[in-house]
Amino acid sequence: MNTTELRPGIYAVGVVDWNVRSFHGYTTDRGATYNAYLIIDEKIALIDTVKEPFAQELLERIREIVDPEKIDYLISNHVEMDHSGAIPAVMAKATHAVIVTSAPSGYNGLKLHYGDSYEYMPVKAGDILSLGRHTLQFVPTPMLHWPDNMVTYCPEEKILFSNDAFGQHYSSSRRYDDEVDMAEVMAEAEKYYANILMPYGMQMKKTIPVIEGLDISLIAPSHGVMWRSHIGDIVNAYKHFSDDTPDHKAVVVFDSMWHSTEKMARAVLEGFAMKGVPVKLYDLKVDHISDIMTDVLKAEYVVVGSPTINNQMLPTVASFLCYMKGLAPKNKKAFAFGSYGWGGQSAGLVNDGLEACKFQIVMEPVKVQYIPSEAFLKELSEKVAALD
Ligand code: FEO
């Protein structure tokens, strides 16, 4: 695939990872891209690199434009290895280049990944680097998605190189938002936010006004397509994602052994439907936790069920609760349910997991021995329908 010239002298030189299906445990059904950008000026700058296995592909793309030896600055907006993995390969060619990174977290993080033999230029908020006709301004965005993150703004071209922010795991031969299916891209942007940025909504809320204070005609993230025609849409979507007020919807998540907990899940589903609350049902045997979290992001209710097995909940449910706790969804109403043969610990354990997520428990754990009767299921639906 050819490089794309975004503006005179500014090129997209990153790579498409068409067939990757997992990004540290988050399913990437539409693949991914690791975007990098090259600016040719009196000084030459490369903004971010790519995953290490794609290093030679990155260098080949750079060579289509300029000899990598001529790179003066390697701007590292983020230490995570999907963006920094090719730093050693690039620096092996760009032997006089200086690595520009955030102070102190980027500087410390890169040294711990790649050693201290490179020349580093740690930068802080408001620092400006002149390349000649272009200048680069650095804006720290800590915890979006690691402590070291920053974004780089080029005011002359009104481009924000936003790294993880506004990214989507979406592989395409097209580069821009208006060249692809927006429904697909927005769905991937939401999944990306839910699984990567959700724990840092507070930081996002502080960052959005800073970004809105910049005059931007192109957002060039490090994953997925660039935003030129839907900048307002993606910024507004991020305001919605990071707003702690939930949407009026419910998510019911369960696993089951002999269908009793599944029957309970369907009764809970029916209750929300009776109540007029849009609801989705997820079976952990077939649905991936990263897809479920995309719906949990803005859900008002999160209801989770597991049967008891060997005095525990099912491991699939434990895994989901562990993943959800880490992503720290805010302002959820919740309750637990589950069937059992003897013992009957699972619903209580799931309830403990929901409490650990700091959710508001709106119903005591619902338990049934062996098989729920029709009357039990009807009563459960009615209790759900009567929830606040
Ligand atoms: Fe795309 Fe946090 O790395």
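Everything numeric in this text was worked out from a predicted model, so none of it was measured. One-based numbering, in listed order, for ligands and for the atoms of each.
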Given side chains that start at C-beta, do those of [X] and [Y] come closer than 4.5 Å, heavy atoms only?
X    : Y    : answer
Y118 : L110 : no
L218 : Y176 : yes
K191 : D291 : yes

Protein N, O or S atoms under 2.8 Å from atom 2 (Fe) of ligand 1: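 Protein N, O or S neighbours of atom 2 (Fe) of ligand 1 under 2.8 Å, waters not counted, come to 4.
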For residues 350-372, dump all side-chain donor-acceptor pairs below 3.5 Å to protein atoms at least two apart in sequence or in another chain.
residue: K367; atom: NZ; partner: G344; partner atom: O; Å: 3.0
residue: Q369; atom: NE2; partner: G341; partner atom: O; Å: 2.8

Considering only N, O or S atoms of H223, the one closest to atom 1 (Fe) of ligand 1: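 For H223, the N/O/S atom sitting closest to atom 1 (Fe) of ligand 1 is NE2.
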Cationic tip of K333 above F335 ring, under 6.0 Å, 45° of axis: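 Cation-pi check for K333 and F335: fails.
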Joint cluster assignment, V252 & V304, ILVMFWY side-chain distance < 4.5 Å: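 Looking at the clustering, V304 is in a separate group from V252.
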